[in-house]
Structure formats: structure tokens, C-alpha cells
Student: 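One structure follows; several queries about it will come next.
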Amino acid sequence: MAQVPLPSKIKLGEWRTRPLLSPELSFHLDQSDQILAFEDALEKLGRVKRGDDAGDSFLQFERGELPKGVTYRIRSNGKLMEVIAASDEGLAHALSTLLQMVQIKDGMAWWPSLDIEDGPATAYRSFMVDMGRNPHSPKILRQVVDMMWLAKANYLHLHLTDDQICSWPSRAFPKIYSKQAGWTWEDFEALEKYSQARGVTIIPEFDMPGHSTIFRREYPEIFGKTPTDLATSPEAQKGVEILIREALSVFKSTPYYHMGGDEAYGVSQELQRDFINRVNKFVKSQGRQLLVWEGPHLGKGKNKVDEDVIHIIWRNIEVPAQTALDAGYQVVNAPWDPLYIVDHYPRTMFTAVDLERCYHWNPRRWAHINHGMKTFHEPHFTKTKAGILGFCMPWWEGREENILPICYERFTAVAAKAWNPEGEKDFTSYQKRQAKVTGIFEKISGYQKPSLPVADPESQRENLAYLGKVTPSAGASQPHFGPQRLTNGIPDRFDHFLGFPTQPKPLEIKIELKKPAELSRIKITERAIGKSHEIYEVFVSADGENYEKVGESKEGTRGEKNYVDYAFPARKVAFIKISTQGCHGLTFPSFSRLSEVEAFAP
């Protein structure tokens, strides 16, 4: 059964079919947006014949009370499929399940007889899009919503502003809007409607008092000239409240508002906490709850962050998760390993862990990808899950053309584990199911998963490593920047294997040639920028067991070139092995960024 995530409880029977009705099918709900979204998705999966009257309807939708923890129930006996949902969000979850199970043949929609009771084990399942560094269009965000719909995730967090771009078309402060963002007020209203129809709620964020350059540059008379001015001025407070009212007037369904709150350099921690609490007071007056990034320490006494402020903990330094829980706060899990996906603006230079690590997400675990951090070697585990609302996977600094190739598989893996941690334990099973669901996602959203680029075979006749099988000791399930890029014949610096981790012990990359050959030279290209350098050793073997070292690279070895040629006495080679300690001088050295391995005869 190609379901991602797996339902909590399910019984399957024989496959049955009946024609569907248009335009309303048969349902007993006040709102039909979810049904219309379902019908639209079905049409994209394949045209379905319509019944002539309500007596022909196979699907019936109702609103009703369900047991605790259950958001929807589906029951069918071959004559009638009854869907009961506790809310619009629960209905969207049910329809996601039906879309993943349907088979359309000869204009008929087929579902099995089944009995499902399902609901999430984790309340907060969030994806964040950074719209403050690079533009992200309405089209791409609708595709992100489609991704979340199928994954049964519920919160799309929009980081609307940063020092580089403001994507919010403010009516009160129009000068803050960056034209390259490409959004209108009406676009956001349409996205809100589109998202709600698919069970996704949008959380807006204006990042303050740090990351607030645009506000202060365009309206210094309101927001001040420095982050401290913004955090302390009564006029700035009024301006912040106007912006929040604007956002909540568009994103009406959100129970949360996010104010940023981290990296407020130059602002004392005391003033940061006071600012957070003033914003919190206003947000509560609007019937919402405040979210912040892990920022200042929690404080004490009168200068303590209000206990009803929710902290998204990403570093586990200023606000360690267990410390926050012990103090009575609720938190959201968002550590670098496995959740942070960063493009390191303004370059296309990713840091992101492999898919298998994402699939084994643990809400109690906080770890870093930087081997210089304590939690890289000793992850922080909380004593309990109580107080941990769920997860946030942030997409930082990236360009929209990369968001789905980089994030789609990772996000759905974490979302699957968060929904049903007891059922989602077999990574191999998950990969098979997800491959089928990807086909559904592509048809519904219009997204096309990129295939591995491969050089023209004619250009690779002398390269004996071309399309050799690549097996790393870890990180083989790296989406998009996978290990096979090392032998695809493309030595481009944007076409590399994002290998992780290379610390504390080296990452070993084994390449099996398509057939044993006499070799005398190996050329290794790396993702070279400035003085960055990959530290590695190169070995060859005739049997895959006994290896001889034929070269090494360290700082200065590649010189001004982005590759190193290793010449050695000719010998029979069936395997090449690279033992790398990562790329140094460029983001985090716990990642390898080798681009291509080529091998040549004498």
C-alpha cells in the first residue's frame, strides 16, 4: 500500500468502484473547499466519470465527533465509502489518504473496502520558507502546499522579511516591499484559501529586532535607526502592531504569529526579552500565540520571557531544550541535524543531511552538523516528549528552483515519522512507498522531479570511472546531490556529492568500475571556492579488499585549479576508494563536496 505517512489503524479489503458526482459529490459539511480541492486533484490524476444523481454517489462526507487523537475515519463496504472528519483539517487528511489510494481505470475511480482511523502523533508539523533572501513565487508556494497536503503536514511558516528582501506588500508601510518578491496582497489571500482547502495553515513572520534592516532603512522615523531603537521605541512598537494586524487580517486561520527574535546583535538581552514580552502581550490580545526563534536566554524575575511564548530551538545553546521544558515553556524541535536546510546566501552552497537521517527524526534529539559544536559529538536528548509540540524544517536562503529538489523528499520523510512514529520504522519500505506517492505529487502539483544529469557517453570514452557504482560509508540517501554524481561525467562545481558526515572519522567513498581496467591516472574534481580545500586520500584495489594509496589532497594541493591529477604506475584496478575528512574553508567541514572522479588508462 503506497501510503505516506502510514495510517495509524487500517484494514483493507477488496477493490470496488462507483462513479463520482460533480460538482459536490455527496457531503454534509458547511464548507466544500476541501472537496473541491480533492476533485481538482482527481482530475489531474485521471478523468473520472460522473454520476447522474445522488443515488450513484460512492463517497459521502460528514462532520462528526471522533475518539481522541483521531482526526478522520474512512469506512467502506463496496457500496458506500463514508468519510467522517472532526474538522476541515481532518477532512483534508482524509482526502490525502484517498488520493494516495485511488486507482483510476477506464474513467472509474477504484478504492478498496477499508476501515481507517487515523490522526497525528505530533501536533506541530511545519515547513518554513525563507522569503527574505530570495523570491519565492505564488506558484512554487502552491506546490509546497501540495507537498504538505500529501504529507499531512499542517503549518507553512513564511519568513516574510529579512535584511535583503521584504516579501510583504504592506499597505501601512508600502516602502518596505521589495518589488522582486513578486507578491500582491491578493496573492497572499489566494494562498491562504488554497492552503486551508488542503489542511495547511500559514504562520506569518516579520523578523525583529534583528534582521530588520529594511524596516529601519525605509521608515527610520517609525522603526528607528538601530535594532535597539526598534526594540525600545514606542513608535516602533506601534508600527510592529500595525504590521501584525495586517498579517492576521490575511492569514485569518493561524493560531500563531512568529516575530523572529534571534540574532539581535547589538541589542542587550534584557531589552530583547522586554521586546518579546510586549509583542507577546499584543499577539495575545489578537487571540494568537507567539512563536520565536531560540534567541536571548530566558531570563529571570521581571525580565524573564513570558512562559506562554513558544521557542523554536535550533542551536540548543542560548535556550537548551531541557532548560526551557524545565522552566515550563513549550518548544518546537528544529536542530541542524536533521532539519536545517541552508543554501548559504548568496551562493548555491547547501548544507543538508541525508534522507535516512531525516526519516529517523527524534523529537527529543537536538544535534548539530558542525563538528566544532558539542552536540555534533554528543546530541542533546530531553528527558521526555512532553512540552515538545513537534518540528519545523526551515528552508533558509535558497532559490525557488531548488526548494522542491532539495526539500521535498527530506520533508516528507520527517513528516511521515512525526505522523506515525510507531508505523514508520522501515526506511526501505518508506522509500518504496514514497516513490509511488511522488508520482501522485507530480501529477497534482505539476512538479517534475529532476533526474540525475549524465554526460554524453561519447565524451566519456576515455573515462573508465564513468557511471561506476558509488557506495559511501554514510549518507547514500542524499536527495539531489547523491553519490552517483561522482561518476556521471560532469565535473561541474554545482554537480557534487553532498557527503555527510566526514567527522569524527573520515567518510569512505567506494567506486566500483563497470569492469576492471589498467589505470595510471585518477582525476578528482572538487567544489572549489577561494581557498577551500577537501582533505582526502585516494586508494585503488583490484579485488575490493586490498587497497594501495596512490595520492592525497590537503590545503594547497589543488593550487589554483579545482581538481588534482594523480599519476601512478599502471596497474589493474576494479575499485577506487576515497577517504575524505571533508571540505574545509567553506561552510562546515563535516560535509564532503567532491564533484567528479575520473580514471584513465596509460
Student: Hey, is the main chain of I214 close enough, under 3.5 Å, to the side chain of Y219 for a donor-acceptor pair?
Tutor: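 Answer holds: no.
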Student: Hydrogens and angles aside, do R593 and S532 bring a side-chain donor and acceptor to less than 3.5 Å of each other?
Tutor: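 Distance-only check fails for R593 and S532.
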Student: According to the interplanar angle, ranging from 0 to 90°, do the rings of F127 and F411 count as parallel (below 30°), tilted (30 to 60°) or perpendicular (above 60°)?
Tutor: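 Perpendicular, since the angle between the ring planes exceeds 60°.
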Student: Any idea which heavy atoms bring A416 and Y430 closest together, and the distance?
Tutor: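 The answer is CB-CE1, 4.1 Å.
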Student: Just by modelled atom types, is the V414 backbone N or O under 3.5 Å from a matching donor or acceptor in the K417 side chain?
Tutor: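 Looks like no, no N/O pair under 3.5 Å.
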Student: Would you tell me whether S477 and Y359 have side-chain atoms, one donor and one acceptor, within less than 3.5 Å of each other?
Tutor: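 No.
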Student: Taking all non-hydrogen atoms of both residues into account, name the closest pair between C392 and V332 and its distance.
Tutor: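 Closest heavy-atom pair between C392 and V332: N-CG1, 3.7 Å.
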Student: Please determine whether side-chain contact (heavy atoms from CB on, under 4.5 Å) holds for the pair R133 and I165, giving the CA-CA distance in whole Å, both sets of side-chain angles, and the decisive distance to 0.1 Å.
Tutor: CA-CA 6 Å; R133 268 65 171 241; I165 290 177; 6.0 Å; no
Student: Given 3.5 Å as the limit, does a donor-acceptor pair link the side chain of E192 with the main chain of S253, or not?
Tutor: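 At least one qualifying donor-acceptor pair exists.
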Student: Under 3.5 Å, is there a donor-acceptor pair between the side chain of E294 and the main chain of V319?
Tutor: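 Yes.
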Student: Does H344 form a ring-ring contact (aromatic ring centres under 6.0 Å, His included) with W396? I'd like the steps, not just the answer.
Tutor: CA-CA 8 Å; H344 300 284; W396 286 116; over 10 Å; no
Student: Measuring centre to centre across the rings, with the benzene-like ring taken for any Trp, is Y124 within less than 6.0 Å of F391?
Tutor: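 No - the distance between ring centres of Y124 and F391 does not fall below the 6.0 Å cut-off.
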Student: Measure the CE-CD1 distance between M128 and I341 for me, rounded to the nearest 0.5 Å.
Tutor: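 It is 10.0 Å, given to the nearest 0.5 Å.
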Student: Without swapping roles, check the side chain of R125 against the backbone of T122 for a donor-acceptor pair under 3.5 Å.
Tutor: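 Looks like yes, one N/O pair under 3.5 Å.
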Student: Between F481 and F591, is the ring centre distance below 6.0 Å?
Tutor: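 Centroid distance F481-F591: not below 6.0 Å, so no.
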Student: Do you know the tightest heavy-atom contact between A121 and P421?
Tutor: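 So the minimum-distance heavy-atom pair works out to CB-CD, 3.5 Å.
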Student: Are the side chain of T71 and the backbone of S87 linked by a donor-acceptor contact shorter than 3.5 Å?
Tutor: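 No; judged by distance alone, with no hydrogens or angles, the pair does not exist.
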Student: Which heavy-atom pair separates L6 from E424 by the least distance, and what is that distance?
Tutor: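 Heavy-atom minimum between the residues: N-OE2, 3.0 Å.
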Student: Could you label the plane-to-plane angle of the F441 and Y447 rings as parallel, tilted or perpendicular, counting under 30° as parallel and over 60° as perpendicular?
Tutor: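 Judged by the thresholds at 30° and 60°, the geometry between F441 and Y447 is tilted.
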Student: For the pair Y256 and Y155, evaluate ring-ring contact (aromatic ring centres under 6.0 Å, His included) and give the outcome as yes or no after the intermediate values.
Tutor: CA-CA 10 Å; Y256 302 113; Y155 291 113; 5.4 Å; yes
Student: Quick one: are D207 and E205 in side-chain contact, heavy atoms under 4.5 Å?
Tutor: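 Yes, at least one pair of side-chain atoms sits under 4.5 Å.
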Student: Suppose we call two aromatic rings close when their centres sit under 6.0 Å apart. Are H368 and W314 close by that rule?
Tutor: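 Ring centres of W314 and H368 not closer than 6.0 Å.
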Student: Quick one: which of I84, L95, T97 gives a side-chain contact (heavy atoms from CB on, under 4.5 Å) with Y72?
Tutor: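 Between Y72 and the candidates, side-chain contact (heavy atoms from CB on, under 4.5 Å) is satisfied uniquely by T97.
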Student: Under a 4.0 Å N-O cut-off, is there an ion pair linking R198 with D146?
Tutor: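 Yes, charged N to carboxylate O under 4.0 Å.
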Student: Are a donor atom and an acceptor atom from the side chains of T213 and D163 found within less than 3.5 Å of each other?
Tutor: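 A donor-acceptor contact under 3.5 Å links the two side chains.
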Student: Could you check H157, E89, Q196 and say which one makes a side chain to side chain donor-acceptor pair (under 3.5 Å) with T201?
Tutor: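 With T201 as partner, H157, E89, Q196 yield a single side chain to side chain donor-acceptor pair (under 3.5 Å), made by Q196.
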Student: Is a salt bridge present between R216 and D229, judged by a nitrogen-to-oxygen distance below 4.0 Å?
Tutor: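 Answer for the salt bridge query: no.
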Student: Within the 3.5 Å criterion, strictly below it, is a donor on T323 or D326 matched to an acceptor on the partner's side chain?
Tutor: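 On atom types as modelled, these side chains do not qualify, holding no pair under 3.5 Å.
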Student: I'd like to check the salt bridge (Lys or Arg N to Asp or Glu O under 4.0 Å) partners of E241; sequence neighbours left out, ordered by chain and number.
Tutor: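 Applying salt bridge (Lys or Arg N to Asp or Glu O under 4.0 Å) to E241 gives none.
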Student: SG/C166 to NZ/K179 distance, rounded to the nearest 0.5 angstrom?
Tutor: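 The SG atom of C166 sits 14.0 Å away from the NZ atom of K179.
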Student: Using distance alone, with no hydrogens and no angle criterion, decide if N420 and S8 have a side-chain donor and acceptor under 3.5 Å apart.
Tutor: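 Distance-only check fails for N420 and S8.
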Student: Can a side-chain donor-acceptor contact be found between W395 and H136 if the only test is distance below 3.5 angstrom?
Tutor: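 Side chains of H136 and W395: pair found under 3.5 Å.
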Student: Quick check for you: to the nearest 0.5 Å, what is the distance between K193 atom NZ and I202 atom CD1?
Tutor: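 Going from the NZ atom of K193 to the CD1 atom of I202 covers 13.0 Å.
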Student: Would F588 and F500 count as a close aromatic pair, with their ring centres under 6.0 Å?
Tutor: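 Aromatic pair excluded; centres sit 6.0 Å or further apart.
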Student: Which heavy atom in N154 sits nearest to a heavy atom in A123, and how many Å separate them?
Tutor: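 Residues N154 and A123, closest heavy atoms: ND2-O, 2.8 Å.
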Student: D118 and W419: side-chain donor and acceptor closer than 3.5 Å?
Tutor: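 The answer is yes; a qualifying pair exists.
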Student: Are a donor atom and an acceptor atom from the side chains of N333 and W361 found within less than 3.5 Å of each other?
Tutor: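 Looking only at side-chain atoms, W361 and N333 do form a donor-acceptor pair, the distance falling under 3.5 Å.
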Student: Working to the nearest 0.5 angstrom, can you tell me the gap between I176 CD1 and E218 CD?
Tutor: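 Interatomic distance, I176 CD1 to E218 CD, rounded to 0.5 Å: 9.0 Å.
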Student: How about E235 and S233: do any of their side-chain heavy atoms sit closer than 4.5 Å?
Tutor: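 With C-beta onward as the side chain, the pair touches.
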Student: Hey, does Y194 have a side-chain heavy atom less than 4.5 Å from the side chain of D33?
Tutor: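 SC-SC contact between D33 and Y194 ruled out.
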Student: Main chain of R357, side chain of D354: is a donor-acceptor contact present, judged purely on distance under 3.5 Å?
Tutor: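 Side chain of D354 to backbone of R357: a pair is present.
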Student: Taking atom CG of L355 and atom NE2 of H480, what is their separation to the nearest 0.5 Å?
Tutor: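 Output value for this atom pair is 14.5 Å.
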Student: When rounded to the nearest 0.5 angstrom, what distance separates CZ in F350 from CZ in R527?
Tutor: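 If we round to the nearest 0.5 Å, F350:CZ and R527:CZ are 8.5 Å apart.
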Student: For a quick test of reading the model, state the closest non-hydrogen atom pair linking T254 to R288 and the distance between them.
Tutor: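 Here T254 and R288 meet closest at O-NE, 2.6 Å.
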Student: Just wondering, do Q34 and F38 contact through their side chains at under 4.5 Å, heavy atoms?
Tutor: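 Not touching, per the 4.5 Å side-chain cut-off.
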Student: Mind checking whether H377 and H371 have parallel, tilted or perpendicular rings, split at 30° and 60°?
Tutor: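 If you compare the ring of H377 with that of H371, the planes turn out perpendicular.
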Student: Is there a donor-acceptor contact under 3.5 Å linking the side chains of H297 and E318?
Tutor: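 No, E318 and H297 have no side-chain donor paired with an acceptor closer than 3.5 Å.
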Student: Between R63 and D88, is there a side-chain N and carboxylate O pair less than 4.0 Å apart?
Tutor: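 A salt bridge links R63 with D88.
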Student: Please confirm whether the ring centroid of W168 lies under 6.0 Å from the ring centroid of F173.
Tutor: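 Here the rings of F173 and W168 have centres that are no less than 6.0 Å from each other.
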Student: Could you check whether any side-chain heavy atom of L290 comes within less than 4.5 Å of a side-chain heavy atom of I310, counting everything from C-beta outward?
Tutor: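 L290 does not reach I310 side chain to side chain.
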Student: Side chains of I312 and V331: closer than 4.5 Å at any heavy-atom pair?
Tutor: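 Of all side-chain heavy-atom pairs linking V331 with I312, none is under 4.5 Å.
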Student: Run the salt-bridge test on K449 and E409 with the 4.0 Å N-O cut-off and return the result as yes or no.
Tutor: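 A salt bridge links K449 with E409.
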Student: Can the ring centres of W293 and H258 be said to be less than 6.0 Å apart?
Tutor: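 Centroid separation for W293 and H258: below 6.0 Å.
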Student: Do any side-chain atoms of residues 380-389 form donor-acceptor pairs under 3.5 angstrom with protein atoms, and if so which ones, sequence neighbours left out?
Tutor:
{"residue": "H380", "atom": "NE2", "partner": "Q322", "partner atom": "N", "Å": "3.3"}
{"residue": "T382", "atom": "OG1", "partner": "T384", "partner atom": "O", "Å": "2.9"}
{"residue": "T384", "atom": "OG1", "partner": "A386", "partner atom": "N", "Å": "3.1"}

Student: I'd like to know if the side chain of Q100 reaches the main chain of V4, judged simply by a donor and an acceptor atom lying under 3.5 Å from each other, with no hydrogens or angles considered.
Tutor: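 Side chain of Q100 to backbone of V4, a donor-acceptor pair under 3.5 Å: yes, one is there.
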Student: Within a radius of less than 6.0 Å around CD of E65, do more than 12 heavy atoms belonging to other residues, nucleotides or ligands occur?
Tutor: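 For E65, atom CD is not crowded (no more than 12 foreign heavy atoms under 6.0 Å).
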Student: Quick one: does any side-chain atom of E246 pair with a main-chain N or O of R171 as donor and acceptor, under 3.5 Å?
Tutor: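 Judged by distance alone, yes, a pair lies under 3.5 Å.
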Student: Could you tell me if R217 sits above the aromatic ring of F215, with its cationic atom closer than 6.0 Å to the ring centre and no more than 45 degrees from the axis?
Tutor: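 No, R217 and F215 do not form such a contact.
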Student: Donor-acceptor check, side chain of D162 to backbone of Q164, threshold 3.5 angstrom: yes or no?
Tutor: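 No; zero donor-acceptor contacts below 3.5 Å.
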Student: Taking the side chain as C-beta and beyond, is there a heavy-atom pair between T351 and W336 under 4.5 Å?
Tutor: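 Yes, side chains in contact.
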